[in-house]
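Report on the following structure.
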Amino acid sequence: MKLVVTEKNIAAQKIADLLSVGKPKADKVYNTPVYRFQVDGDEWVTIGLRGHILEPDFMPSIVYKKSSGWQGVTAEGEVVPAHIPDFLPKPPFKTKRKPFKEDGVEMGAWKMDALPYLAYAPIEKKPKEKDIIRSLKNLAKKSDEIIIATDFDREGELIGSDALSCMKEVNDTAPVFRARYSAITKDEIQHAFSHLVELDNDLAQAGESRQDIDLIWGAVLTRYLTIVKFAGYGNVRSSGRVQTPTLALIVARERERMAFVPEDYWVIKARFGKEPEDFEATHAMARFKAEAQANAVMGHVEDASKGVISSIEKRKRTVAAPVPFNTTSLMAAAASEGLSPARTMRIAESLYMDGYISYPRVDNTVYPESLDLEGTVRKLSDVAVYRPYCQELLSKGALVATRGKKETTDHPPIHPTAAADPDKLGAPEWKLYNLIARRFLATLSESAVVEGTKVTIDVASEPFVTRGDVLVKPGFRAIYPYGLKKDEQLPSLEEGQSVDFQGATCTKKQTEPPARYSQGKLIQEMEKLGLGTKATRHAIIERLYTVKYVQNDPIEPSQLGIAVCDALGKFAPQITSPDMTATLEEDMNKIAAGEKSRKDVVDLSRDILHDVLDELLPHQEEVKDALADAVAADAYVGPCPKCGKDLQLRASSKTRSMFIGCAGWPDCDVTYPLPKGKVEALEEKCPTCGMPQIKVTAFRSKPRTLCIDPNCPTNQEPDVVVGKCPTCAEKGLDKKLIASKNPRTLKRFIRCENYEECETSYPLPQYGELTATEETCEHCGAPMVIVKTARGPWKLCPNFNCPGKEKEAEEKEAKAAQKKVAAKPTAKKAPAKKTAKKPSPKKEKE
DNA sequence: GCAAGGTC
């Protein structure tokens, strides 16, 4: 049997399709899909991995013992050659420890003085995808030839090499080959499999050096930052080769903004003509630096009532159609449509798995010749909104596509592969599909021609200018309206014509600092600097958000982010600069070319890290104070009304839920409850009571501004009678149900007015205007209420245990499942089916 | 409890 190992399932499936004469048989080995077929009487099987199946880690159980001459000894008793260089004393302790207390403070398992040794700790590869490894070994045992057919790049070579090391454990006699292909097309695949080569061990070693260096630097610096000011488990402050330079970019931009000195300038605008044909023009001196100068102009035109058109210049310009989407340009375009890069990639992945779009992780921006442009346009004409445009494109004869600058042959640029129905996709899915489909059609379209008109009007010898853009030939803009400004139509004017002058206004303005990075812009900047890859950049940015180094969009660093960046910039400048990645790339190229060994490169990196620690370790106190101050500044809400110390956003150590507490605790016991959702402190104080205010953003709703004091009149809500108590009614009593808010917990609920005897109570959403109805729930008899939120009014039965709720959930699920089936495009080669997500009842409740 | 890189 011949075993073909690919990087991912979809490649295994497609390669089987292309090599097999008939249809390959889909099978499973321990839950891993495999594809079996025959070629000239030979049995073949393909299996897809899931990217890397092994993962480097420090040997967890390593102990340094005197009895073994300070050599490391694993739990199995195996002696690990000590990588500890001569200048470090031999460590008589484990690299990992159990949590311990120092001066009564819990310090965590990592210890500072272990870090220099960790920089030199040996690394082993441990299994990451155990199920896949089991399936792989099972197949390898029965194989008499192994073909590694992972992606044709450095990581692909490493993934293949790791897979091979697993297979060698069970079969080291079968000959091994490598198939190199750069596109999964019939020609490429057949050529690759008829010209098999050897696995490039040097290239795999280059990839492994990347893994080792990332682990060593990441683990050592992350541990340093986390324990230098230990803030409890779960509060990790991370650092890494890619994330830290990315953070540095954001911080540098913030510094520029802080250093920016705004300058005053004045703008003079005037209105001309008669309604409705009136228009606005700006003084030709767009920005007046001095107020006197602007005032002089205002004086000149003060008495004027007419202006004369002194010139009309028309200029046509061509706007080229956009080039095909790769991952980066898709994320940038989607970001301007309000989809974050991370969200875009999640949605793109699901659209891809459902067969609507092509593989979403690509660098390529040139459609390969094998891509059937015409057929794809024909498919898209099944979508009603694209139909007229598609028919027009097809009627024009041969299709010509635009080409981007990056041409690789691994995958085609991102394009639609099937027609989608806007009613059957979720709103964000359709948004992204629509963007991709329209972009595809745009790349096959002609340029747009825009006619720009510049009109100069003379008022008492002062020139005013207005411009208008008119689309002369829509070209691609007919189908692709994204990121373009609207037409500005000017009334028809002639040179020498006199127009009414309705007066001018002078406005004082200030120059703006450079803008913060949007997520899309940051990704482009990372790409320019070689930071991360197309598949990881969005995840890196998301990581910066989760460790709370950055916040908001456009991206703004937190005080903690700035402090981390400063501390590392001062004592470990290597990790804050993109140069480390650039140097690593050079070194990896040398390893791949056989000019350097992985050991040399990694050992040198270990030495550099050790030097960095020589700087970091003596400055622990300084870094600790800087981080502590930054964390306090980020948590600061306002002054405590009782003791004057800082009120801070805090997390309960038991429940992890957030509250506001006084920094003077335990001497001062002032606390305030917080509602659910993301909380941010505001500088502006409550206009009613003067206490600090917070911005609260609950899941999928608009942010609200609240006073932190539950007793503030702005937080009071009158009790509302919502109906009759059904339990008391059964007993023949006439009792009312009342909705009210608990001022201590901010929770709003309904209970019986006779609550001392009757237990009837229902929870309510925490915010939104509440109104009672006359209706009662048909399932449980509870009174129906209406809650008005940002998303509109919503009628609900408040009873959490209402039998109607279960039915509703069932119906919803059934409907969703139906939708899923109906939404499946009728593509012939539908990719693997995605499992439907389970609806989370907790999130839906909010 | 760490990184970044694949992929789901």
Side-chain angles (χ1 to χ4, degrees), chain A residues 6-12 31-33 48-58 60 95-99 106-111 114-115 118-119 121 123 128-129 131-132 150-151 153-163 204 206-227 230-247 345-346 348-350 352-354 359-361 410 526 530-544 546-547 575 580-581 584 588 605 609 831-835 837:
Chain A
T6 69
E7 194 158 319
K8 44 192 166 269
N9 177 49
I10 185 85
N31 268 333
T32 308
L49 307 176
R50 237 127 107 194
H52 291 286
I53 55 170
L54 301 182
E55 181 177 42
D57 198 4
F58 300 114
T95 53
K96 275 193 181 178
R97 291 188 159 192
K98 283 189 176 165
E106 205 163 344
M107 293 301 293
W110 302 335
K111 199 159 189 237
L115 295 186
L118 188 63
I123 291 171
K128 190 181 171 209
E129 300 286 347
D131 287 356
I132 298 231
T150 46
D151 290 358
D153 55 27
R154 190 173 58 225
E155 295 295 331
E157 212 70 15
L158 175 55
I159 290 165
S161 155
D162 285 346
E208 207 157 330
S209 70
R210 198 262 320 140
Q211 283 189 326
D212 290 356
I213 289 172
D214 281 343
L215 172 68
I216 298 163
W217 281 76
V220 168
L221 293 180
T222 299
R223 286 177 192 195
Y224 176 87
L225 291 172
T226 304
I227 57 181
F230 189 64
Y233 293 95
N235 278 315
V236 170
R237 284 185 284 273
S238 61
S239 173
R241 175 178 57 84
V242 179
Q243 60 164 272
T244 305
T246 305
L247 174 64
M345 289 315 288
R346 273 194 295 272
E349 186 70 36
S350 83
Y352 160 66
M353 293 307 281
D354 288 346
Y359 188 68
R361 284 183 288 273
D410 49 350
M526 290 170 78
L531 292 173
T533 71
K534 57 186 185 283
T536 59
R537 287 183 196 116
H538 65 274
I540 300 275
I541 295 176
E542 222 179 26
R543 173 89 191 140
L544 294 178
T546 52
V547 294
I575 198 71
M580 183 167 167
T581 295
L584 177 62
M588 283 193 292
S605 188
L609 178 59
K833 194 182 150 196
K834 204 186 87 174
T835 45
K837 258 194 224 159

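Naming: A, B, ... by sequence-line order, numbering from 1 per chain. All figures in this text were calculated on a predicted structure; none of them were measured in a lab.
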Inset, instruction - Specify the separation, in whole Å, of atom CG of A:D162 and atom C1' of B:dT7. - result: 14 Å
Inset, instruction - Look at all strands and tell whether A:E7 reaches a base, only sugar-phosphate, or nothing, counting heavy atoms closer than 4.0 Å. - result: sugar-phosphate
Inset, instruction - Could you check which of B:dG6, B:dT7, B:dA3 has an atom nearest any side-chain atom of A:T533? - result: B:dG6
Inset, instruction - Could you check how far CG of A:L584 sits from C1' of B:dA3, rounded to whole Å? - result: 12 Å
Inset, instruction - Would you indicate what A:G156 reaches in the nucleic acid, counting non-hydrogen atoms under 4.0 angstrom: base, sugar-phosphate, or nothing? - result: nothing
Legend entry - Nucleotide B:dC8, atom P - distance to CG of A:D354 in whole Å: 14 Å
Inset, instruction - Return yes if some donor-acceptor pair links the side-chain N/O of A:R537 with the main-chain N/O of A:G532 below 3.5 Å, else return no. - result: yes
Inset, instruction - Write down the distance between CG (A:L118) and C1' (B:dA3), rounded to a whole number of angstrom. - result: 12 Å
Inset, instruction - Check whether any side-chain nitrogen or oxygen of A:T226 sits under 4.0 Å from OP1 or OP2 of B:dC2, and answer yes or no. - result: no
Inset, instruction - Please determine if a side-chain N or O atom of A:Y352 lies less than 4.0 Å away from the OP1 or OP2 oxygen of B:dT7. - result: no
Inset, instruction - Mind calculating the distance between CE (A:M588) and P (B:dA4) to the nearest angstrom? - result: 14 Å
Legend entry - hbond_proxy A:Q243 side chain to B:dC2 base (donor-acceptor, 3.5 Å cutoff): no
Inset, instruction - Mind checking A:G240 for me? I need base, sugar-phosphate or nothing, with any heavy atom below 4.0 Å counting as a touch. - result: sugar-phosphate
Legend entry - side-chain N/O A:R537 vs B:dA4 OP1/OP2, d < 4.0 Å: no
Legend entry - Nearest-neighbour nucleotide for the A:A535 side chain, B:dG5, B:dA3, B:dT7 considered: B:dT7
Inset, instruction - Find the distance A:R210:CZ to B:dG5:P and express it as a whole number of Å. - result: 6 Å
Legend entry - Of A:V220 and A:D151, the one whose closest DNA chain B nucleotide lies more 5': A:V220
Legend entry - side-chain N/O A:R223 vs B:dG1 OP1/OP2, d < 4.0 Å: no
Inset, instruction - Drop me the distance from A:I10's CD1 to A:Y359's OH, to the nearest 0.5 angstrom. - result: 9.5 Å
Inset, instruction - Select base, sugar-phosphate, or nothing to describe what A:T150 touches, counting heavy atoms under 4.0 Å on all strands. - result: nothing
Legend entry - Donor-acceptor pair (no angle test) under 3.5 Å: A:N9 side chain, B:dC8 base: no
Legend entry - side chain to side chain donor-acceptor pair (under 3.5 Å) partners for A:S161, two or more places apart: none
Inset, instruction - Scan A:R50 against the nucleic acid and name what it touches under 4.0 Å (heavy atoms): base, sugar-phosphate only, or nothing. - result: base
Legend entry - Contacts of type side chain to side chain donor-acceptor pair (under 3.5 Å), residue A:E155, not counting sequence neighbours: A:H52, A:R210
Legend entry - B:dA3 OP1/OP2 closer than 4.0 Å to side-chain N/O of A:S238: yes
Inset, instruction - Starting at atom CG of A:D57, determine the distance to atom P of B:dA3, rounded to an integer number of angstrom. - result: 12 Å
Legend entry - Which nucleotide in B:dT7, B:dA3, B:dG5 has an atom nearest any side-chain atom of A:T222: B:dA3
Inset, instruction - For the side chain of A:R361, starting at C-beta, report the closest nucleotide among B:dA4, B:dT7, B:dG1. - result: B:dT7
Legend entry - Spacing between A:K128 atom NZ and B:dC8 atom P, to the nearest angstrom: 12 Å
Legend entry - Atom pair CG/CD of A:L544 and A:Q243 - distance to nearest 0.5 Å: 6.0 Å
Inset, instruction - Could you check which of B:dG1, B:dC2, B:dG6 has an atom nearest any side-chain atom of A:I159? - result: B:dG6
Legend entry - Approximate separation, where rounding is to 0.5 Å, of A:T246 OG1 and A:I540 CD1: 6.5 Å
